[in-house]
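One structure is given here, and the rest of the page talks about it.
Sequence lines set the chain letters: A, B, ... in the order given, protein chains first and strands last, and positions in each chain run from 1. Values below: every heavy atom of this structure, side chains too, minus hydrogens, waters and symmetry copies.
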Amino acid sequence: MITGIKGMNDILPEEIPAWHFIEARMREVFHAFGFSEIRVPIVEKTELFHRSIGEETDIVEKEMYTFADRNGHSLTLRPEGTASVMRACIEHSLHVKTPVSKLYYVGPMFRYERPQKGRYRQFHQIGAEFIGEASPMADAQLLHMLTCYFRALGIPDVSLQINSLGCRQCRPAYRAALVEFITGHLDALCDDCRRRSTGNPLRVLDCKVEGCRSVCQDAPSVLDYLCPECAAHFDEVRHLLTALNIPFEVNNRMVRGLDYYCRTTFEMVTNRLGAQSAVAAGGRYDGLIASLGGPELPGIGFAIGMERLSLMMGTENIPAPHPDLFLVALGPMAREQAFLMLADFQRRGLYAEMDFSGKSMKAQMRQADHLKARLTLIMGDDELAENRVQLRHMDSGEQESLPIDGLDALLEERLAQKKD
RNA sequence: GUGAGUGUAGCUCAGAUGGCAGAGCACUGGAUUGUGGCUCCAGGUGUCGAGGGUUCGAUCCCCUUCACUCACCCCA
């Protein structure tokens, strides 16, 4: 048997209604905020991710699906969406046509990690990018959209955490202060954190080991090192979130795994996903576009893990398609008659089903039940000789005998009744 | 990359000190019921994850391997 690839899952028909629900709410909410969809390729030049995500990050160092194409060019299956969207904006000079771009995307991303609950090698993200607007109102609006989306999905138990990482002006001073603090407490930290202390000291703040956590209680806070501009920006974001009635917590130990973030960063976290706590995350990335060779444009965006969403969602409010009508045919003549009626219903957009293989009455009724058909039309050769069929209402069990002449109108009447 | 757990029917899982491989669900046919749901009868499937070893004999014990799951790590 040829099996699928580790960490790359089939999404089976029974799971599809949930995915459609997630995507439908996404479009409704995002369109209301003026966001347009953009579709970008799944494969990009490897260099794009090195320059945007950062050479020192785990994603670039050990998680990318990178390969050479037939010409020897190094290509990579995208590990995230922002880089491609920025590349597309620069390549098509979107900022010339409209100074502000509000874009969203959906699709598969690829990272070579050990799979576990809520973490897969091919996973799907919904992302939104608000490009060309430096105002804190952009931050607040984007977070408003995110919370509206979670409300539309009916997902409980998520909380919004925000932080500011400062900018190129203020971050070096903070980093220096943090490194100094960490070197003073090296013996209390775990092995990983000792290693991080030189390469990526901010990650120590994110460590889950108990010893490191307690050390970090007393670590200097980024927020104390923000330059006046960054501090004012963060103050305004908090003010606007409060004015919008969006609950949030400031978490000054939250860091990001991608290098391009600055100023505002945020996560939607939950305790319902096992070891994975982040359902959505993002932040501001002023300077990213310029560093990719584009104009000096600010931007802010987020990404949502769709598998994580669907793990968190109950199935209660997700509509699944059920047939309006199931045709039960007893005997070969009836079967052909039913087949033609079926075709007629389908042509008119009604979802109707029947069995082609000549199963017993019992099996056909069981099938109708299983599919949760609303109405069942029972036709035997005898009844057809009298030009009549029987209609059964599956929920009430009521049954009535109907003439074949004018059946369409009668059925539509019954279906309309049921919808009330 | 590291650690732990699990692999038996389409699905959920039993099983024994090492002695012919089991149940429920699902599926199919039939009986009964007013023509499905309830009840009853009947029916079929397994390389017991794979390879090797010990043994008269291994699904069970040992070794190797693969897959899945969870956790570390990392992240959405």
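- B:C60 and B:G52: their P atoms are spaced 13 Å apart (whole Å).
- The nearest heavy atom of RNA chain B to A:Gly358 and to A:Met365 marks one nucleotide each, and the one closer to the 5' end goes with A:Gly358.
- Using a 4.0 Å heavy-atom criterion, one finds that A:Ile378 contacts the bases of the nucleic acid, with or without backbone contacts as well.
- For the pair A:Met109 CE and B:A76 P, the interatomic distance rounds to 11 Å; values are reported in whole Å.
- For CD of A:Glu336, the number of neighbouring non-hydrogen atoms (other residues, nucleotides, ligands) closer than 6.0 Å is 12 at most.
- The NE2-P distance, from A:His393 to B:U35, rounds to 19 Å in whole Å.
- For B:A71, the OP1/OP2 oxygens have no side-chain nitrogen or oxygen of A:Arg119 closer than 4.0 Å.
- A:Ala368 comes within 4.0 angstrom of nothing in the nucleic acid, heavy atoms only.
- Residue-level contact check: A:Glu63 touches the backbone only, with heavy atoms under 4.0 Å from sugar-phosphate atoms and none from bases.
- A:Cys216 approaches A:Val204 most closely through the heavy-atom pair SG-O, 3.6 Å.
- At a threshold of 4.0 angstrom between heavy atoms, the contacts of A:Arg256 are confined to the sugar-phosphate backbone, with no base atom among them.
- Under the Watson-Crick or G-U wobble criterion, with both distances below 3.5 Å, B:A14 is left unpaired in every strand shown.
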Go through A:Arg78 and A:Glu80 one step at a time and tell me if the salt bridge (charged side-chain N to carboxylate O under 4.0 Å, His left out) criterion holds. CA-CA 5 Å; A:Arg78 62 181 185 194; A:Glu80 59 108 37; over 6 Å; no
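- Between A:Met361 atom CE and B:A31 atom P there is a gap of 14 Å when expressed in whole angstrom units.
- Under the 3.5 Å distance criterion, with hydrogens and angles disregarded, no donor-acceptor pair is assigned to the side chains of A:Asp218 and A:His185.
- Only the P atoms considered, B:C62 is 26 Å distant from B:U69, to the nearest whole Å.
- Look at A:Lys6 and you'll find a side-chain N or O under 4.0 angstrom from OP1 or OP2 of B:C68.
- Of all heavy-atom pairs between A:His124 and A:Ile11, the closest is CE1-CD1, 4.1 Å.
- If you take NE2 of A:His370 and C1' of B:G37, they are 14 Å apart, rounded to a whole angstrom.
- Separating the P atom of B:G19 from that of B:U59 is a span of 11 Å, rounded to the nearest Å.
- One P atom belongs to B:G3, the other to B:U65, and the distance between them is 12 Å to the nearest Å.
- With a cut-off of 3.5 Å on both pairing distances, the Watson-Crick or G-U wobble partner of B:A42 is B:U28.
- Spacing between B:A21 and B:C25 at atom P, rounded to whole Å, works out to 24 Å.
- If you check the side chains of A:Glu129 and A:Tyr285, you find a donor sitting under 3.5 Å from an acceptor.
- As rounded to whole Å, 15 Å separates atom P of B:A26 from atom CD of A:Gln367.
- Using a 4.0 Å heavy-atom distance criterion, A:Thr376 is classed as making no nucleic acid contact.
- If you check every strand for non-hydrogen atoms under 4.0 Å, A:Arg366 touches sugar and phosphate atoms only.
- To the nearest angstrom, P of B:A67 lies 15 Å from CG of A:Asn9.
- Whole-Å rounding puts the A:Arg114 CZ to B:U69 C1' distance at 11 Å.
- Using a 4.0 Å cut-off, some side-chain N or O of A:Gln116 falls inside it from OP1 or OP2 of B:A71.
- Cation-pi geometry between A:Arg121 and A:Tyr112 is satisfied (NZ or CZ under 6.0 Å from the ring centre, within 45° of the ring normal).
- Here, B:C68 and B:A58 have their P atoms 30 Å apart, quoted to the whole Å.
- Between the side chain of A:Lys362 and the base of B:G29, no donor-acceptor pair under 3.5 Å is found.
- Across every strand in view, B:U2 sits in a pair with B:A71 that passes the Watson-Crick or G-U test at under 3.5 angstrom.
- Whole-Å rounding puts the A:Asp355 CG to B:U28 C1' distance at 12 Å.
- Remark: B:A58 base-pairs with no nucleotide in the shown strands. Criterion, Watson-Crick or G-U wobble with two distances under 3.5 Å.
- Taking the C1' atom of each, B:U45 and B:C11 are spaced 14 Å apart, rounded to whole Å.
- Across every strand in view, B:A21 sits unpaired, with no contact that passes the Watson-Crick or G-U test at under 3.5 angstrom.
- Under 3.5 Å, the side chain of A:Asp369 and the base of B:G37 form no donor-acceptor pair of N or O atoms.
- Side-chain polar atoms of A:Gln122 and A:Tyr120 form no donor-acceptor pair below 3.5 angstrom.
- Remark: the separation of the C1' atoms in B:U2 and B:U8 is 30 Å, to the nearest Å.
- Nucleotides of RNA chain B nearest to A:Gln390 and A:Gly118 differ in position, and the one nearer the 5' end is that of A:Gln390.
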